[in-house]
2 protein chains.
Amino acid sequence: MQKLEPSIKDDVQQILETIIYLYTESRRITKELARRAQLTGPQLTVVKILEQIGDLSLSELSEKIRAQNSTVTGIIDRMEREGLVVRERSTADRRVVIIKLTAKGSQLAEDIPIEPMKVFQSALSSLTKDEMRELLRILSKVSKRVKAIVRRDVDEAVGDKAKELEGQDR
Amino acid sequence: MQKLEPSIKDDVQQILETIIYLYTESRRITKELARRAQLTGPQLTVVKILEQIGDLSLSELSEKIRAQNSTVTGIIDRMEREGLVVRERSTADRRVVIIKLTAKGSQLAEDIPIEPMKVFQSALSSLTKDEMRELLRILSKVSKRVKAIVRRDVDEAVGDKAKELEGQDR
DNA sequence: CAAAATTGTTTCGTGTACGAAACTTTTACT
DNA sequence: AGTAAAAGTTTCGTACACGAAACAATTTTG
């Protein structure tokens with residue numbers, strides 16, 4: 001079943017693990033920074049986004065933090081309970097709820113000096129310009145491949161295509 | 001505050017987004033594959049791991065799926081309720097709980113022909129050997145930098161170090 | 001204009017996810 | 001042996017996270 005030669009297989013495994021590491025680390029950092037302000041990770045994200053962009057509708061906010069509306073409703077519920085944000089009906093479109101930072105929320109945003117993503121930006125900045133280009137090029141290639149595979153094999157008939165997919169492993 | 005020149009900044013942003021895409025896509029694929037077998041993402045992961053490795057203690061399983069014991073307890077509770085696995089006390093060490101696939105669980109594992117990670121392995125395999133080495137080298141470098149920054153700046157005094165960190169952005 | 005389709009939000013039910021505390025069994029120490 | 005420390009698991013409380021259904025306001029259509 002495994003047709004990759006060992007060293008290649010190890011590379012693949014290590015790359016996957018590194019990507020997973022980078023992602024989970026980003027969440028860990030967010031969480032750690034948030035903890036110091038008595039916030040949760042997602043709450044810190046919301047506070048920082050509202051500070052930078054200004055008021056947003058719930059849907060816009062959901063899109064920014066890549067979560068479903070129903071998830072964000074809960075996050076905002078808890079933040080409103082803590083007095084960090086307020087909900088306001090839009091006068092232009094009364095279906096829309098606008099989320100605004102309160103004074104307390106703004107103060108908190110200021111108190112947290114660093115955005116979680118800054119750590120990654122800083123780390124990436126240690127690469128040479130060429131390395132950065134190369135990284136982006138290769139990651140994009142992988143990304144495109146994943147998208148193609150997903151379209152063909154996962155979204156349609158995983159079962160039928162499984163053998164074929166494994167056949168490509170060599 | 002932003003000292004990166006635009007093109008570099010865009011590269012950084014794109015790299016971050018690509019990494020986030022690859023990670024979230026991997027969860028989406030897992031979930032989609034799981035859905036077809038009436039499983040959840042983590043449950044599919046557990047079933048596939050047990051199929052390949054064999055029986056594991058709860059702690060070993062937690063480590064494999066990178067989750068806390070308390071999280072896995074819940075996952076196993078639900079899977080046991082569905083008759084996919086059983087808990088057995090280890091005779092060697094009676095503190096230990098061994099998780100075993102039932103016949104139903106094994107059958108399900110067989111029915112799902114492809115492991116979620118296979119998609120990524122396949123995509124990564126489209127890279128040349130040189131590209132793979134280069135990707136791994138660069139990602140490792142980033143990873144090391146992140147670890148170093150985290151040790152120095154996040155785990156200790158984020159507030160004090162924030163300015164300094166931003167200064168490194170150029 | 002009125003019914004229908006659409007858009008934005010919330011509610012509900014289920015499943016993670018995590019840390020702290022509680023519990024059980026084992027190991028280490030005196 | 002007897003107590004203390006450690007290891008493995010579960011319980012508890014809280015916070016996401018998501019999809020489906022419910023609800024409200026707006027826009028589209030006949």
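Proteins come first, then strands; the chains are lettered A, B, ... in the order of their sequence lines, and each starts at number 1.
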Worksheet item: Can a side chain N or O of B:R35 be found less than 4.0 Å away from OP1 or OP2 on D:dG19?
Response: no
Practice prompt. May I have the distance from A:D93 (atom CG) to C:dT6 (atom C1'), rounded to whole angstrom?
Written response: 12 Å
Worksheet item: Taking only side-chain nitrogens and oxygens of B:T71, does any of them come within less than 4.0 Å of OP1 or OP2 of C:dT16?
Response: no
Worksheet item: A:R78 has an atom CZ; how far is it from atom C1' of C:dT10, in whole Å?
Response: 14 Å
Worksheet item: B:R28 side chain N/O closer than 4.0 Å to the phosphate oxygens (OP1, OP2) of D:dC18?
Response: no
Worksheet entry | With B:K129, the side chain to side chain contact (heavy atoms under 4.5 Å, CB included) member among B:M132, B:E131, B:R133 | B:R133
Item to complete: Any chance you could pull the hydrophobic cluster mates of B:V86, using side-chain heavy atoms under 4.5 angstrom and chaining through other members?
Response: none
Worksheet entry | 5′-ward residue of the pair B:R81/B:R66 relative to DNA chain C | B:R81
What protein N or O atoms touch nucleotides 2-6 of chain D N or O atoms at under 3.5 angstrom, if any, and at what distances?
none

Response to the item:
A:Q68 CD to C:dT11 C1', in whole Å, measures 15 Å
Discussion item. Nearest 0.5 angstrom please: B:L44 CG to B:K31 NZ, how far?
Written reply: 13.0 Å
Response to the item:
Heavy-atom nearest nucleotide on DNA chain C taken for A:E60 and for B:I65; more 5' hit belongs to A:E60
Practice prompt. Round to a whole Å and report the spacing from CZ of A:R94 to P of C:dT7.
Written response: 20 Å
Item to complete: Rounded to the nearest angstrom, tell me the gap between atom CG in A:L58 and atom P in C:dG8.
Response: 11 Å
Worksheet item: If only side-chain N and O atoms of A:R27 are considered, is one of them under 4.0 Å from the OP1 or OP2 phosphate oxygen of D:dA17?
Response: yes
Item to complete: Looking only at side-chain atoms of B:S59, point me to the closest of C:dC12, C:dA17, D:dT9.
Response: D:dT9
Practice prompt. Round to the nearest Å and state the distance from A:I98 atom CD1 to C:dG8 atom P.
Written response: 11 Å
Discussion item. With nearest nucleotide decided by heavy atoms, which residue, B:D77 or B:K31, maps closer to the 5′ end of DNA chain D?
Written reply: B:D77
Fill in: Candidate nucleotides D:dT10, D:dA17, C:dT9, ranked by approach to the side chain of A:V96 - the nearest
C:dT9
Discussion item. One thing to verify: whether B:K147 and A:E25 come together as a salt bridge, which I'm taking to mean a side-chain N less than 4.0 angstrom from a carboxylate O.
Written reply: no
Worksheet, complete the sentence: The single option from B:I76, B:V72, B:T40 that satisfies side chain to side chain contact (heavy atoms under 4.5 Å, CB included) with B:V46 is B:I76
Practice prompt. Check the distance between C:dT9's P and A:I76's CD1 and give it to me in whole angstrom.
Written response: 11 Å
Item to complete: Would you indicate what B:R87 reaches in the nucleic acid, counting non-hydrogen atoms under 4.0 angstrom: base, sugar-phosphate, or nothing?
Response: sugar-phosphate
Worksheet entry | Donor-acceptor contact below 3.5 Å, side chain B:E80 vs main chain B:R87 | yes
Worksheet item: Just by distance, do the side chain of B:S126 and the backbone of B:S122 share a donor-acceptor pair under 3.5 Å?
Response: no
Item to complete: Round to a whole Å and report the spacing from CD of B:Q43 to C1' of D:dC18.
Response: 15 Å
Discussion item. Please determine whether any donor N or O and acceptor N or O are separated by less than 3.5 Å between the side chain of A:S70 and the base of D:dG19.
Written reply: yes
Between side-chain atoms of residues 96-113 of chain A and protein atoms elsewhere (two or more places apart, or another chain), which donor-acceptor pairs fall under 3.5 Å?
{"from": "A:K100", "atom 1": "NZ", "to": "A:D55", "atom 2": "OD2", "distance (Å)": "2.9"}
{"from": "A:T102", "atom 1": "OG1", "to": "A:G83", "atom 2": "O", "distance (Å)": "2.7"}
{"from": "A:T102", "atom 1": "OG1", "to": "A:L84", "atom 2": "O", "distance (Å)": "3.0"}
{"from": "A:T102", "atom 1": "OG1", "to": "A:K104", "atom 2": "N", "distance (Å)": "3.4"}
{"from": "A:T102", "atom 1": "OG1", "to": "A:G105", "atom 2": "N", "distance (Å)": "3.0"}
{"from": "A:K104", "atom 1": "NZ", "to": "A:E82", "atom 2": "O", "distance (Å)": "2.9"}
{"from": "A:S106", "atom 1": "OG", "to": "A:T102", "atom 2": "O", "distance (Å)": "3.1"}
{"from": "A:Q107", "atom 1": "NE2", "to": "A:D111", "atom 2": "OD1", "distance (Å)": "3.0"}

